[in-house]
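Model, not experiment: these values are computed from the prediction. Counting convention: from 1, in listed order, for ligands and their atoms alike. These values consider heavy atoms only, across backbone and side chains, with no hydrogens, waters or symmetry-generated copies.
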Amino acid sequence: MADEKKAKKAPKLADAATVSIDPATRQMVAHAQKLGIETVFDRAENMKQCNIGVQGTCCKNCAMGPCRLPLPKNGIEGEDERKGICGATANTIAARNFVRMIAGGAAAHSDHGRAVAEVFLSAARKEGDYQIKDIPKLMATAPHLGVETQVEVDGEMQDRDVYEIALEVGEAALKEWGKDEGELLYLKRAPKPLYDKWTKEGVKPRNIDREIVEIMHRTHMGVDQDYKNLMKQGTRAALADGWGGAMLATDLQDIMFGTPSPLESEANLGVMKEDHVNVIVHGHEPVLSEMIVAASQSPEMIALAQKHGAKGIQLGGICCTANEMLQRHGVPPAGTFLQQELAIITGACDAMVVDVQCVFQSLANVAKCFHTHLITTHPIAKMEQKNVIHIEFDEHHAMEDAKKILTMAIENFKNRGSEVMIPNYKATQIAGFSVESIQYHLGGTFRGTYYTLNDNIINGRIRGVAGVVGCNNVRSKMNNAHIEVVKELIKNDVLVLTTGCNAIACAMEGLLAPESAAAFCGPGLAEVCETVGIPPVLHMGSCVDNSRILLAATEVVNAGGLGKDICDWPVAGSAPEWMSEKAIAIGQYVVSSGIYTIFGGTLPTSGAPVFHDHLCKDMEKIYGGMWDVEPDPLKHAHKMIAHIDKKRKELGIDKARERVLMDMEARQAIDA
Ligand code: NFS
Ligand code: SF4
């Protein structure tokens, strides 16, 4: 009897048939359940979300609490009298939590940037295995960091030595994290009216680290208790991310590893190969993955793989490392954030190598059921489980480390069990659209400009542009919102720029193939895509590469004809399935750069309606951009389209679109 009482209830299982719109994921979740291996989808069934946390109104910033302030069932009548033990209001608590999420996100992106800057410096000093590859990008970046690219010799200007420039660029970049005076240098890359707004509001970041630390101070028990003032600091730290840490990460990575330009690849778990050594690289900093790519292409490693009975080495990526390896080398993503466990459950993953961010600790438990080596590589990201191997990756002997890791994977090939199941699903994609390559593609001229893009927006063939980005979240059907939102946008002639796990989701659904223009687009966008030869959804990289979207938005302003600031032209942002603190940091820097930004799922502000309105209404008056939230994908897309149409009207280009559509109808009638 006692034993019976003690016997635990069996955990619930997810319904494999409905976890995702992706067939590979459904197949693998069912397979995992058959093998008795638990995945994130099953755990979500057994872990109920806390309703107060979802509302953003739980405070545990001191040991008198936690204090919980849920919205009363019938809403709030009259004055909101909810308060914590110290008297903190729901607005204060939600705002403190929100800006702490910004701090977490900005810290993650920016610490990634700092690590890249440190490796960059060692490359500039010719110390390690990394080089300065993209000299034009170095030359273009240097002036933004106050570094001269030319020097006067005998009255004539001459180019300076590349490595000398790189050294100064690296030093100037690193200073951005902790300089003791001034403001972030990249802020001046924004359109002047935006820069002036930041000045007027007093939100220009001084240095990256300081803004994050100040959030931790202000949100300590009993400091800043005014949600508007808290959000000013939230904005400052978010801008330090978007126009600081993340943008520096992108620029320095491009200089070291090459600026992406379009290339063809594939996506989804089906990129793994049964007769190859499969190495999955998961995480975020390309410093690691660049070396693994290089090592995997070395004749020595390929020969070793063949000696061990494999045909070769197949790399695959998960999360933003996938996007980094894809955009520069065409290495195919094996999946998004929610597919990380599934890559191991194929039974064909000989090693999974991880660095930082978005890595499930459950990978260790899953790896235990297979032969897979799970290898952590970063000093700040280890796992407690005993089966995890830690090989610390160091830029000074990066190639050696990469070869060591690959050798372990190769030697593990023979240990695969009988349970190998690689789902037979993958799609073709074109990825790697940087600001520079879009300029080239859409410009169509020798020098390239954004004028052609602007022209097509003005004449109405392209209704507007949307950045659709961000994570998967197990609380909704995987990829469903991503794909519905993107499809609805392109159907309505909105060109989509994508990064992060949305980019991988779009690739898996074939939206990044040029053929998707004819299949899914409205007539205007289809015409432009077919003429220029681009897909209607442009893969712009990883999440730190959202900085590319900021700069592309700025290029549009600079090309002319669409207003003087980012908030003037028809552009919107979206994260349909967000989950990470990084998404909140990105959301806030996009909003305070003037862009209407809508999230799917829920926002942790719903329990504090006044604070919520500050984000969704007041922000527009201050920065021209604002937050919004809408879980229904179709409504979500149409809110973005409504914003785009509002901006077209304000610019006086709403009629042009009607004319274009009428012309098209006439032409189609003749064709028919
Ligand atoms: Ni972005 Fe990249 Fe994916 Fe979300 Fe995680 S991988 S940094 S945080 S889950 S998009
Ligand atoms: Fe409660 Fe105030 Fe302490 Fe937060 S800081 S836990 S609201 S007493």
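With no hydrogens or angles considered, no side-chain donor-acceptor pair links Ser20 and Asn479 at under 3.5 Å. For the residue pair Glu290 / Gln253, no side-chain donor-acceptor distance below 3.5 Å is found, with atom types taken as modelled. Counted by atom type alone, Asp545 and Thr250 present one or more donor-acceptor pairs between their side chains at under 3.5 Å.
Of the candidates Lys232, Arg96, Arg100, Arg218, Arg218 is the only one forming a salt bridge (charged side-chain N to carboxylate O under 4.0 Å, His left out) with Asp224. Checking each of Thr597, Leu603, Ile598 against Val629 for a side-chain contact (heavy atoms from CB on, under 4.5 Å) leaves exactly one that passes, namely Leu603.
Because the distance cut-off is set at 2.8 Å, Cys62 qualifies as a neighbour of atom 3 (Fe) of ligand 2 through one of its N, O or S atoms. Among the atoms of Cys59, an N, O or S atom falls under 2.8 Å of atom 4 (Fe) of ligand 2.
The distance from ligand 1 to the heavy atoms of Gly470 drops below 4.0 Å at these ligand atoms: 10 (S). Numbered from 1 in the order shown, with element, the atoms of ligand 1 that lie under 4.0 Å from a heavy atom of Cys320 read 2 (Fe), 6 (S), 7 (S). The atoms of ligand 2 that sit less than 4.0 Å from any heavy atom of Met221 are 5 (S). For ligand 1, the atoms closer than 4.0 angstrom to any heavy atom of Ser580 are 8 (S). Atom numbering of ligand 1 starts at 1 in the shown order; those under 4.0 Å from a heavy atom of Cys543 are 1 (Ni), 2 (Fe), 7 (S), 10 (S). Proximity to Gly65 (heavy-atom distance under 4.0 Å) selects the following atoms of ligand 2: 6 (S). Those atoms of ligand 1 that come under 4.0 Å of a heavy atom in Phe337, given as number and element, are 9 (S). Atoms of ligand 1 lying under 4.0 Å from any heavy atom of Met579, numbered from 1 in the order shown and given with element: 9 (S). Near Cys501, with a cut-off below 4.0 Å to any heavy atom, the atoms of ligand 1 are 3 (Fe), 6 (S), 9 (S), 10 (S). Ligand-side atoms of ligand 1 in range of Cys319: 6 (S), range being under 4.0 angstrom from any heavy atom.
Contact analysis leaves Gln357 out of contact with ligand 1, as no non-hydrogen atom separation drops below 4.0 angstrom. Distances from ligand 1 to the non-hydrogen atoms of Ser542 include no value under 4.0 Å.
Distance from atom 8 (S) of ligand 2 to its nearest protein heavy atom, with residue and atom name: Cys86 N, 3.5 Å. For atom 4 (Fe) of ligand 1, the closest non-hydrogen atom on the protein side is Cys471 SG, 2.5 Å. For atom 1 (Fe) of ligand 2, the nearest protein heavy atom (residue, atom name, distance) is Cys67 SG, 2.3 Å.
For the pair Val465 and Val494, the minimum side-chain heavy-atom distance is 4.5 Å or more.
For Phe98, the ring pair (Phe, Tyr, Trp, His ring centres under 6.0 Å) partners are Phe611, Trp627, not counting sequence neighbours.
Only side-chain heavy atoms of Cys358 come within less than 4.0 Å of ligand 1; its backbone N, CA, C and O stay farther off. At a heavy-atom distance under 4.0 Å, only side-chain atoms of Arg96, from C-beta outward, approach ligand 2.
One finds no salt bridge joining Lys582 and Asp241 here, because no Lys/Arg side-chain nitrogen approaches an Asp/Glu carboxylate oxygen to under 4.0 Å.
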Carefully, step by step, assess Gln339 and Asn472 under the rule side chain to side chain contact (heavy atoms under 4.5 Å, CB included). CA-CA 10 Å; Gln339 289 171 290; Asn472 277 141; 5.7 Å; no
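Using cut-offs of 30° and 60° on the angle between ring planes, the pair Trp578 and Phe599 is tilted.
Atom NE2 of His390 sits in a crowded spot, with more than 12 heavy atoms from other residues, nucleotides or ligands closer than 6.0 Å.
Expressed to the nearest 0.5 Å, how far CD of Glu324 lies from CZ of Arg328 amounts to 5.0 Å.
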